[in-house]
Protein chains: 2
Amino acid sequence: MNKRRITSKELAKLAGVSSATISRAFSPDSRIGSATRDRILSVAREHGYQPNAIARSLNNQRSRLVALVVNAIGNPCEAEEQQLLVHRLQARQLLPIILCCADHDDRLQLMRLASTYQVDHVVVFSDMVSMQDAVDIFHTTKPIIVSFEPLDNENVSNIRIDGAAAADEIIEKIVNDGKKRFAYLSGTKSSWIDKLRRKWFADALARRGMAIEAEAFGDYTYDSGFKEAVLLLHRSKVDAIICGNDVMAIGARDAARRMLGKNTPDDIAIVGQDGIAMAAWDCNDLTTLSLDHVAFIDAVVELIERHDADLPGPHSITLTCNARWGSTA
Amino acid sequence: MNKRRITSKELAKLAGVSSATISRAFSPDSRIGSATRDRILSVAREHGYQPNAIARSLNNQRSRLVALVVNAIGNPCEAEEQQLLVHRLQARQLLPIILCCADHDDRLQLMRLASTYQVDHVVVFSDMVSMQDAVDIFHTTKPIIVSFEPLDNENVSNIRIDGAAAADEIIEKIVNDGKKRFAYLSGTKSSWIDKLRRKWFADALARRGMAIEAEAFGDYTYDSGFKEAVLLLHRSKVDAIICGNDVMAIGARDAARRMLGKNTPDDIAIVGQDGIAMAAWDCNDLTTLSLDHVAFIDAVVELIERHDADLPGPHSITLTCNARWGSTA
DNA sequence: CATGATTGTGTACACGATTACACAAACAGA
DNA sequence: TCTGTTTGTGTAATCGTGTACACAATCATG
């Protein structure tokens, strides 16, 4: 039952050819008689033979593995994009290796581990890993690194996100509704992308002679959104909270309603960011700064394909966000 | 910049030893002088050398890769467990390859692709893939297959889930609350695990001389829960809906409230399954048949470790579910 | 000091594929 | 028929490790 996998040499003997010919039968553009190929493929099917990808990778210098560096799998804000990307990679016969970043030491060690597998590409979705670390770890091999944080390095490609206009629209509406005092609830203290997002809203407020009056830091989870919103609303009289992502926004909405009896959008305006599916659920109906997930993953895949085929081209793609209106602001 | 990765032979020259000694310096239990090892490790660090895992796998017949077969990444019911498992694998220097099952053709081809990478273990969380298919594809290599669906095969290990007692508790309470007519909203039409879950509740009802009166089939998503609940409530007068998972239960709750003006738990009782974190959020507060995620993943990891170390032992672990009470039933 | 065990290192091969090169057979064109 | 090209296949080297085996040096023991 636990039979060993058959090798190309063994199959060669069975088919009465050399192992080189076996290899040729499996590579589409190689010189081989069509009768021979058919015979080999049929014998291969019969014995369940498939070329060993590990051996091929060693020879090819090409593993067809992609490292996917993410914060968490469970967090819905990333999950939809992860899901989409995994599908697209698989359709291209690329296998994703998931690297989940928990705490700081892990992260680097994990990336080093993955780098020993000679991954062809690296996609960094996590904002908890510095691009410089990633480049240092992967620079000896050829992977491209796709991420938000720009870095001037020939191996790094970027997806740039522009949410300034959408943030302006959202602020416009909230201000028109009579809200005056804004708080910003960040997802992390130190991440590059979080600072960028905050700036969009801060600029939109500045344009109207206003500013972010209160600030708090969570960790992108519902619980942190809930807890920080409670503290925030107790220590300052804000009537609008912009949150670092949708999940925290839902937590903040629940906290306002449950702990302070404040309802959206009359007593308080709450805005999320990401535009996850859950934000549109009837029970949430969140106003959020949304990024088109399909367009985003299209861009990532395009950068990867460009690199895979050694095509030159710009190393940066810019996407713009949209406001998605719900009943919370 | 795009420097090639250094090989053991090159490092050997730099350190003035043979490449075999390099290899020994990196395997903890091999005969090597400690002075030599220290010198090699220091030179290695200096030049950024790390053994090539692909070459090692080829030689070892051991890839340290684990195929993780899942339905979807975005679906929260699996995501928490996926997250936990990935962490635990990484702590053991095992790298997970994610296989996402979209439609059926993909699935088999995807598993075949992964099998060419000589994965050491296979974990099947997806209920959309038949265990027999998995065994057929991976039987030539040595992976163990961990999953719910039992299959009498020496290569398959199982996690058995027992929710009968908890389902009984939940039904007990709902019946005591005066509810009389139960519907079951399945997650899929054909999955093994879904049938099992349905049976727990059907048996609990039968013990009280009752039965499932209406039935519908969704696909584990919020939208399907919402839509099917609307149809269900229009075509039959049920006052309790047991759902295949928590996400559908939230959808069903929203549908009842929004489309029919029925509130939980007075007008209708709604029960989920899985016990995901989101179910406990203040805005959801779902009553659900919950499985301890940590215990579940502990069990999966134990089966994998047992197999990794070639230890004998039972190929099956049974876990029992608990009722988690919320305000929806 | 003689002998046997232990330690440390190098040599050579295996892992399973791909591919440059060589070469025979078939075929084309004069 | 002779020459030159094309086609199909085998031989052998390669990718970067790990390890069985051999062997010299060191150590323990009487």
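By convention in this document, chain letters (A, B, ...) are assigned in the order of the sequence lines, proteins followed by strands, and residues within each chain are numbered from 1. These numbers come from the heavy atoms of this one structure, side chains and all, not from hydrogens, waters or symmetry mates.
- With hydrogens and angles ignored, a donor-acceptor pair closer than 3.5 Å exists between the side chain of A:R24 and the base of D:dG10.
- We find that B:R107 and B:D133 are not joined by a salt bridge, their nearest charged nitrogen and carboxylate oxygen being 4.0 Å or further apart.
- Here the closest heavy-atom approach between residue B:I159 and residue B:A299 is recorded as CD1-CB, 3.6 Å.
- For A:Y49 and A:F26, the distance between ring centers is under 6.0 angstrom.
- The two residues B:R64 and B:D120 have their closest heavy-atom pair at N-OD2, 2.7 Å.
- With respect to A:R92 and A:D308, no salt bridge is recorded, no charged nitrogen being found less than 4.0 Å from a carboxylate O.
- For A:S8, whose side chain is taken as the heavy atoms from C-beta onward, the closest listed nucleotide among C:dC15, C:dA17, C:dG10 is C:dA17.
- At C:dA17, none of the side-chain N or O atoms of B:Y117 fall inside 4.0 Å of OP1 or OP2 (strictly under the cut-off).
- Atom NZ in A:K9 sits about 10 Å away from atom P in C:dA17, given to the nearest Å.
- Counting to the nearest Å, the P atom of C:dA12 and the CG atom of B:N59 are 18 Å from each other.
- In this structure, A:R62 places its CZ atom 20 Å from C1' of C:dG16, rounding to the nearest Å.
- Annotation: of the two residues near DNA chain C, B:S18 and A:L58, the 5′-most nearest-nucleotide partner is B:S18.
- Following rounding to the nearest Å, A:I22 (CD1) and C:dT18 (C1') show an atom-to-atom distance of 13 Å.
- Pairing each heavy atom of A:R37 with each of A:R24, the nearest pair is NH2-O, 3.1 Å.
- Listed nucleotides: C:dG16, C:dT18, D:dG10. Nearest to the side chain of A:T21: D:dG10.
- When rounded to the nearest whole Å, the span between CD1 of B:I40 and C1' of C:dG10 equals 12 Å.
- The two residues B:A12 and B:S18 come nearest to each other via the heavy atoms CB-C, 3.6 Å.
- If you take CZ of A:R39 and C1' of D:dG8, they are 12 Å apart, rounded to a whole angstrom.
- The side chain of B:S23 places no N or O atom within less than 4.0 Å of a non-bridging phosphate oxygen (OP1 or OP2) of D:dT19.
- Between D:dG10, D:dG16, C:dA17, one nucleotide has an atom nearer to the side chain of A:A20 than all others, and that is D:dG10.
- For B:Q61 and C:dA17, the CD to C1' distance is 13 Å, given to the nearest whole Å.
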At a cut-off of 3.5 Å, list every protein nitrogen or oxygen paired with a nitrogen or oxygen from nucleotides 22-27 of chain C, distance to 0.1 Å.
none

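- Comparing C:dA17, D:dG18, C:dG10 against the side chain of B:V17 picks out C:dG10 as the nearest.
- Put simply, CD1 on B:I32 is 19 Å from P on D:dA25, counting in whole angstrom units.
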